[in-house]
Amino acid sequence: MPQLDLSHLTKQYPGRRALDDVSFSVLPGEIFGFVGANGAGKTTAMRITMGVTSPTSGSVSFGGSPIDMKLRTSFGYMPEERGLYPKMPVHAQLTYLGRLHGLTRREANDAATYWEERLGITAYRNDAVEKLSLGNQQRVQLAAALAHDPALLVLDEPFSGLDPVAVETMADALRDKASAGVPVLFSSHQLDLVERLCDRVGILASGRLVACGTIRQLRDKAPKRTLIKGDEAALASVREACASETIGKADDGLVIPLDVASEDAQRLLDRARTAGVVTSFGPHVEPLSVLYRHAVTATSQPSEPHQPPARRRSLFGWKGGHR
């Protein structure tokens with residue numbers, strides 16, 4: 001299977017730059033998650049990929065070839081604003097859309113039947129789309145994107161408004177397409193789902209790609225923090241020592257803004273052990289939601305002027321970490 005390449009995409013509207021020199025690839029068999037706030041540029045990038053709109057500069061290619069109408073017909077697309085015919089029955093609509101993608105009548109009928117069963121909408125095959133719940137309309141839209149056995153999947157907020165069962169059904173369908181070598185690009189605000197499902201993640205902020213990589217790579221670039229667990233006496237000692245800093249809570253413990261291997265962290269561990277019982281002390285595994293905030297914040301804040309080492313504030317409220 002070919003890979004999708006977005007190269008130096010820029011999209012300028014009057015008074016606003018929707019995309020600013022965005023480049024990334026989606027590899028064969030890879031599920032790539034596209035995350036960012038509303039207005040960050042995700043939908044614009046997807047529309048350019050599908051030829052719905054044109055970039056001001058930059059290019060999109062698939063398998064090294066520019067994307068033309070014939071190539072685009074082989075793609076599966078699920079727009080954020082659903083593109084179904086509201087008064088048309090589900091099965092007739094899926095068959096019709098399959099024919100538009102080049103399937104024979106029989107192939108389109110068989111594919112529609114298969115995806116109706118796979119996505120749990122067989123009972124509604126003769127109902128008009130407008131009579132379905134929003135979640136079931138979402139399933140029909142995904143079936144329309146999958147029915148012609150696409151070479152590439154581009155899905156804009158495919159999990160929006162779905163119940164947990166429907167989310168898992170859709171996720172399984174995307175995993176199956178990826179395992180067959182299909183590149184899958186989708187956007188979502190559900191960061192826990194993106195973290196669980198995606199091989200790599202791209203983070204957009206104000207039209208710029210501010211981070212891109214696996215979850216592990218994103219964690220490596222984020223500030224290191226330490227998770228400590230123990231009895232109340234040990235944790236109270238930590239809170240006292242770190243009174244001037246922000247301490248987070250997670251997994252019945254405290255998260256402190258220190259690398260676990262640092263001298264300050266080891267001194268803090270010794271203090272906690274002296275005060276009480278420490279049951280766990282190690283690196284805090286950051287969820288994607290925290291990695292996302294770090295990537296966006298790090299690129300939106302101007303860098304602070306360099307401070308001489310002697311003026312650097314210690315984590316602790318006493319000099320050198322000792323009383």
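Because the structure is predicted, anything quoted here is derived from the model rather than measured.
- For Ala178 against Ile31, the heavy-atom pair with the smallest separation is CB-CG1, 3.6 Å.
- Between the CD atom in Glu263 and the CG atom in Leu268 there is a gap of 13.5 Å [rounded to 0.5 Å].
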(message) Apply side chain to side chain contact (heavy atoms under 4.5 Å, CB included) to residues Thr214 and Arg200 and explain how you reach the verdict.
(response) CA-CA 4 Å; Thr214 64; Arg200 285 193 302 140; 3.9 Å; yes
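- Ring geometry for Phe159 against Phe186 counts as perpendicular: the plane angle is over 60°, on a 0 to 90° scale with 30° as the lower cut.
- Rounding to the nearest 0.5 Å gives a distance of 8.0 Å between OG of Ser61 and CG of Leu6.
- Listed here is the closest heavy atom pair of Gly230 and Leu235: O-CD1, 3.7 Å.
- In this structure, the side chain of Glu30 does not engage the main chain of Asp199 through any donor-acceptor pair within 3.5 Å.
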(request) Could you please spell out the steps behind the side chain to side chain contact (heavy atoms under 4.5 Å, CB included) verdict for Val52 and Met46? (result) CA-CA 9 Å; Val52 177; Met46 291 183 166; over 6 Å; no
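- Between the side chain of Lys177 and the main chain of Leu152, no donor-acceptor pair closer than 3.5 Å is present.
- Annotation for Leu103 and His148: closest pair CD1-CA, 3.9 Å, computed over non-hydrogen atoms.
- Here the side chain of Lys42 pairs a donor or acceptor atom with the backbone of Gly36 at under 3.5 angstrom.
- A donor-acceptor contact shorter than 3.5 Å is absent between the side chain of Glu195 and the backbone of Ile215.
- There is no path of hydrophobic side-chain contacts, each under 4.5 Å, that joins Tyr77 to Val184.
- Here the side chain of His101 pairs a donor or acceptor atom with the backbone of Thr73 at under 3.5 angstrom.
- Shortest non-hydrogen contact noted between Ala143 and Trp115 is CB-CB, 3.9 Å.
- Between atom SG of residue Cys242 and atom CG of residue Leu258 there is a gap of 6.5 Å, rounded to the nearest 0.5 Å.
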(request) Run the numbers on Asp172 and Thr169 for side chain to side chain contact (heavy atoms under 4.5 Å, CB included), then give the verdict. (result) CA-CA 5 Å; Asp172 286 344; Thr169 298; 6.0 Å; no
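- Val26 and Leu153 are not part of a single hydrophobic cluster, where members link through side-chain heavy atoms under 4.5 Å apart.
- Between Val260 and Pro283 the shortest heavy-atom distance is CG1-CG, 3.8 Å.
- Within 6.0 Å of atom CG in Asp252, 12 or fewer heavy atoms from other residues, nucleotides or ligands are found, so the atom counts as exposed in its surroundings.
- With Ser280 contributing its side chain and Lys229 its backbone, the two residues share no donor-acceptor pair below 3.5 Å.
- Annotation: cation-pi pair Lys11/Tyr13 present, NZ/CZ under 6.0 Å from the ring centroid and within 45° of its normal.
- Here CD of Glu130 is found 4.0 Å from NZ of Lys87. Values are rounded to the nearest 0.5 Å.
- The minimum heavy-atom distance linking Ala272 with Ala234 is given by the pair O-CB, 3.6 Å.
- For the pair Arg293 and Glu286, the salt-bridge criterion is not met [side-chain N within less than 4.0 Å of a carboxylate O].
- Under the 4.5 Å side-chain contact rule for hydrophobic residues, Leu27 and Ile203 do not share a cluster.
- Looking at Arg271 and Ser237, their side chains do bring a donor and an acceptor atom within 3.5 Å of each other.
- A donor-acceptor pair is defined here as one N or O able to donate and one able to accept, closer than 3.5 Å; no such pair exists between the side chain of Glu117 and the backbone of Thr122.
- Linking ILVMFWY side-chain heavy atoms closer than 4.5 Å, directly or via other members, places Leu119 and Val167 in a single hydrophobic cluster.
- For the side chain to side chain contact (heavy atoms under 4.5 Å, CB included) test with Leu84, the passing option among Val140, Leu132, Leu94, Val90 is Val140; the others fail.
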(request) Decide yes or no on side chain to side chain donor-acceptor pair (under 3.5 Å) for Asp21 and Thr10, but give the supporting numbers first. (result) CA-CA 5 Å; Asp21 196 31; Thr10 295; 5.0 Å; no
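- Although no hydrogens or angles enter the test, the distance criterion places a donor-acceptor pair under 3.5 Å between the side chain of Thr56 and the main chain of Gln12.
- Side chain of Ser7 to backbone of Gly58: no donor-acceptor contact under 3.5 angstrom is found.
- Between Thr95 atom OG1 and Met88 atom CE the span is 8.0 Å, to the nearest 0.5 Å.
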Name each donor-acceptor pair under 3.5 Å that joins a side chain in residues 63-71 to protein atoms two or more places apart or in another chain, with its distance.
unit_1, atom_1, unit_2, atom_2, d
Asp68, OD1, Lys70, N, 3.4
Asp68, OD1, Leu71, N, 2.9

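- Side chains of Asp156 and Ser187: a donor-acceptor N/O pair is present below 3.5 angstrom, by distance only.
- Using a cutoff of 4.0 Å between basic side-chain nitrogens and carboxylate oxygens, Arg267 and Asp264 are scored as salt-bridged.
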(request) Determine, step by step, whether Ser133 and Tyr124 satisfy the side chain to side chain contact (heavy atoms under 4.5 Å, CB included) criterion, reporting the C-alpha distance in whole Å, the side-chain angles of both residues, the deciding distance to 0.1 Å, and the verdict. (result) CA-CA 11 Å; Ser133 67; Tyr124 313 110; over 6 Å; no
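- A continuous path of ILVMFWY side-chain contacts below 4.5 Å connects Leu209 to Leu4, so both sit in one hydrophobic cluster.
- Considering only residues two or more places apart in sequence or on other chains, His91 meets the ring pair (Phe, Tyr, Trp, His ring centres under 6.0 Å) condition with none of them.
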